[in-house]
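Below: the structure, in structure tokens.
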Amino acid sequence: MITTQDRRFRLLQRAAQKCAAESGNLLDTLRGREDYQPEFEYFLDLIKEPTAAATERRSGRTAIRLLCIQAPLELIHAAGFQPFRVFSGSHAASALATQGIPALVCPLLRAVLGEMALDKANLSGHPWILPTTCDWVVKLPEMSALTGLPSLPEFHWMELPRLKNDGNSRKRWMDEIWRLKDFLEKTSRHAVTRTALLASIEAYGRAADAFQKLKTSRASGRLSPVWFLLVGNAFFLDAVENWTEQVNRLEKALFAPRVGQNRHARIFLAGSPLVFPNFKLPFLFEEAGLWVVADDLCSSERLFPGKTFIADTSVFGMLSTLAGRYHQGCLCPIFADNDRRINNILGRRPEADFRGVVFEVLKGCHPYDLESFTLEKGLKAQDLKFIRLETDYSPEDTRNLLTRLEAYRATLEEA
Amino acid sequence: MAMTMTRTRYLSGAESKLQEIRWGFQHLSFLVLIYGGRFGIHLGSAVPCFACPFVPGCGGYCYLMGLQGYIGFGMRTLSTPALWAAFGWMVVFVILVAVFGKAWCGWACPFGLIQDWLSAIRKKLGVRERIVSPAAQKHLTRLRYALLLYLVFTPPLVTAGVLPEDFYLAFCNICPGKALLPLFVGETKYLGLNPDNAVTLGLSFTLLFITGGTLVGMFFKERFFCLLCPFLTLIHLLKPLTALGLVKTPNACTGCGSCAHACPMDIEALEEDRADVQHDTCIQCCQCMKACPSHDALNLDFFGVRIVSSSKGGA
Ligand code: SF4
Ligand code: SF4
């Protein structure tokens, strides 16, 4: 007789196979591309095994699981841990988490729930750091209990103030940073020293420099936006020093732009995070003749808002600078006073020279959804062509999206 | 569509060296203003920073000393050449400030450099910097204006016989520059008490007290003395004439606050949405520009021409 347990086991097994096929297909596609170079192999290898266990093996550090990007990575690194961002773009994993939760959950969080059920990324039983960003993140522990996860990890909450330009909020966030430091010290059983923190800030600064070069290469046509996204996605899967070294190596080895690329129209990409293996949109952009020259995705450019400049090298000084960087400097739409986000796009325009902005919203991702309307108004007023795409991880809307993108490209050419 | 990048004015590499260039310039200025006289260099009596005349063989005189002297002696003698000299140096001072503005504080002042050395030691030791809150800054601004008034009004009172002669150069007598800068040429006499009379004793004691307090303050707070310096106020009063200005492009700012964190003068107004962010305490050190990750958000303009801008790689 087949028990419920057996059925669940089989379901998980099938989902795991589908997940593997999904990422395997994408890796094959990437390897088969005309612009493939052997220097991409390191990043493909990381993506092939995007688990916390593999990351620990590669980096030689215990992984601390994170959601979103507001916990200072430098602090986690200085405490001796490897920051491991839990995110997933797997359609198969997201299809696994359907029962007992609302129908319109953000696909990214749904996929994370699926990954938790599969325990593919070895997610349970280890401490997680959760900043209180969007509603879906806040409700993740509750949803994971509802979907019947056998063992829930320990969650360290960081209460993220939704106001950035307010003195009180900044003080509260600074308290959260100190609490995080205490938590990390208790977990690692050793103190975060000033020299370790300084060294970590420098290591992440070098990573930011390397990424900056890559951004220039993408804008100049030497690096395709698809590969650029892949490199960003791989950032949390190895020690920052290794990743930086490989990015520098790749940047040096990049070929000159291919002639055909000159025919692409240059766009800025904004919106919800794009995560491997959900590369549907980047491929469609290519097909439609659009070249992403700059973006503000938290899975891509926003990983490095620039190099952190430290004026006060005491632990207090460094933590307050980091606190500002990760709170005031964060352009995530969950903030009430995020009106300067548009400046980030307009500020990139002279250097990146784009004519239009593509805003993609993952269905159910309410903060981005809402902010897309505000941005649309502001960007159109600045003579930028704007298109809003709403999608999820399923391949069903591919044709429809492509038609819209081709029409959009035509409007860019008319402009 | 062509895939060429638009030409930018960022001289990458060169611009990220701005702070090294400043550091070098500060040292050069220190050498000229402290030892220049020994090599025949003298920049006159209207230098808009602490070029202390109490340093034997210095390379120029601080205008604060000149100002006190001209107000006091000028009023006393009322002779035409003295008045012309006073007027002439005032014109030179105004021109020097009009051209270089607060850069005198951030790039040339020897006393500013001593403060920067102390900060460098504090940073090496990892000692936390104390932040001066906006409320405390307001009090310090009042104190700066009070010191300027003291500096301007004491000499006439001496001339009028209301105050004793020992109050001549009233500000110099309590200026920590007078106690510390001569030490660099081995002159230690201003570090002792002057027991000639009650006034000299009181003033020399005040000088020692202020110097001690300033040294402690300068160690724990970057450019602590600048917050008290009457030069900062005097140069700020000439702001409408100055060619060198810190200008913000509000719609390039993401509000990240990195500038205010990096600013040695703790100027929070930098984050505000306005073009004129040249605060009265700014010393034009350009640290904010180095910290700002947004292209063009913070800029230094000279006669309306943009000479440096913030960029992702750091100015
Ligand atoms: S505002 Fe900028 S230039 Fe002025 S003192 Fe502060 S950091 Fe220096
Ligand atoms: S550092 Fe630059 S972007 Fe950040 S608040 Fe200051 S001016 Fe704005």
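For clarity, every value in this text was computed on a predicted model and none was experimentally measured. Note that these values count all heavy atoms, side chains included, but never hydrogens, waters or copies made by symmetry. Each chain gets a letter, A, B and so on, in the order the sequences are listed, and its residues count up from 1.
When heavy atoms are compared at a cutoff of 4.5 Å, Glu268(B) does not approach chain A at all. Looking at Arg170(A), only its side chain comes within 4.5 Å of chain B, counting heavy atoms on both sides. Heavy atoms of Pro264(B) lying under 4.5 Å from chain A are absent altogether. With a threshold of 4.5 angstrom between heavy atoms, Ser258(B) approaches chain A through side-chain atoms but not through N, CA, C or O.
Taken from NE2 in His295(B) to CG in Asn344(A), the straight-line distance is 10.5 Å, to the nearest 0.5 Å. Atom-to-atom distance recorded for Leu346(A):CG and Thr254(B):OG1 is 12.5 Å, nearest 0.5 angstrom. With values rounded to the nearest 0.5 angstrom, Leu319(A) atom CG is found 10.5 Å from Arg128(B) atom CZ. Between His261(B) atom NE2 and Gln328(A) atom CD the span is 5.5 Å, to the nearest 0.5 Å. Atom CZ of Phe316(A) and atom CZ of Arg130(B) lie 8.0 Å apart (nearest 0.5 Å).
With chain B as the partner, the residue from Ile342(A), Thr321(A), Thr308(A) showing the most heavy-atom pairs under 4.5 Å is Thr321(A). Of the listed residues (Gly257(B), Ala252(B), Gly255(B)), the one with the most heavy-atom contacts under 4.5 Å to chain A is Gly255(B). Among Cys330(A), Ser320(A), Gly205(A), the residue with the largest count of heavy-atom pairs under 4.5 Å with chain B is Ser320(A).
When the options Ile310(A), Leu198(A), Thr313(A) are evaluated for a side chain to side chain contact (heavy atoms under 4.5 Å, CB included) with Lys123(B), the one that passes is Thr313(A).
Crowding of Tyr145(B) atom OH: a count of heavy atoms from other residues, nucleotides or ligands under 6.0 Å exceeding 12. Residue Phe219(B) qualifies as enclosed at atom CZ: its count of foreign heavy atoms under 6.0 Å is above 12.
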*asked:* I'd like to know whether Arg122(B) forms a side-chain contact (heavy atoms from CB on, under 4.5 Å) with Asp312(A), so could you lay out the CA-CA distance, the side-chain angles of the two residues, the decisive distance to 0.1 Å, and finally the verdict.
replied: CA-CA 9 Å; Arg122(B) 176 182 49 74; Asp312(A) 178 1; 3.6 Å; yes
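Taking both residues in full, the closest heavy atoms of Gly126(B) and Ser314(A) are given as O-CB, 3.2 Å, listed atom of the first, atom of the second, then distance.
Checked by atom type and distance alone, the side chain of Asn343(A) pairs as donor or acceptor with a backbone atom of Cys253(B) at under 3.5 Å.
Between Arg340(A) and Asp273(B) there is a side-chain heavy-atom pair separated by less than 4.5 Å.
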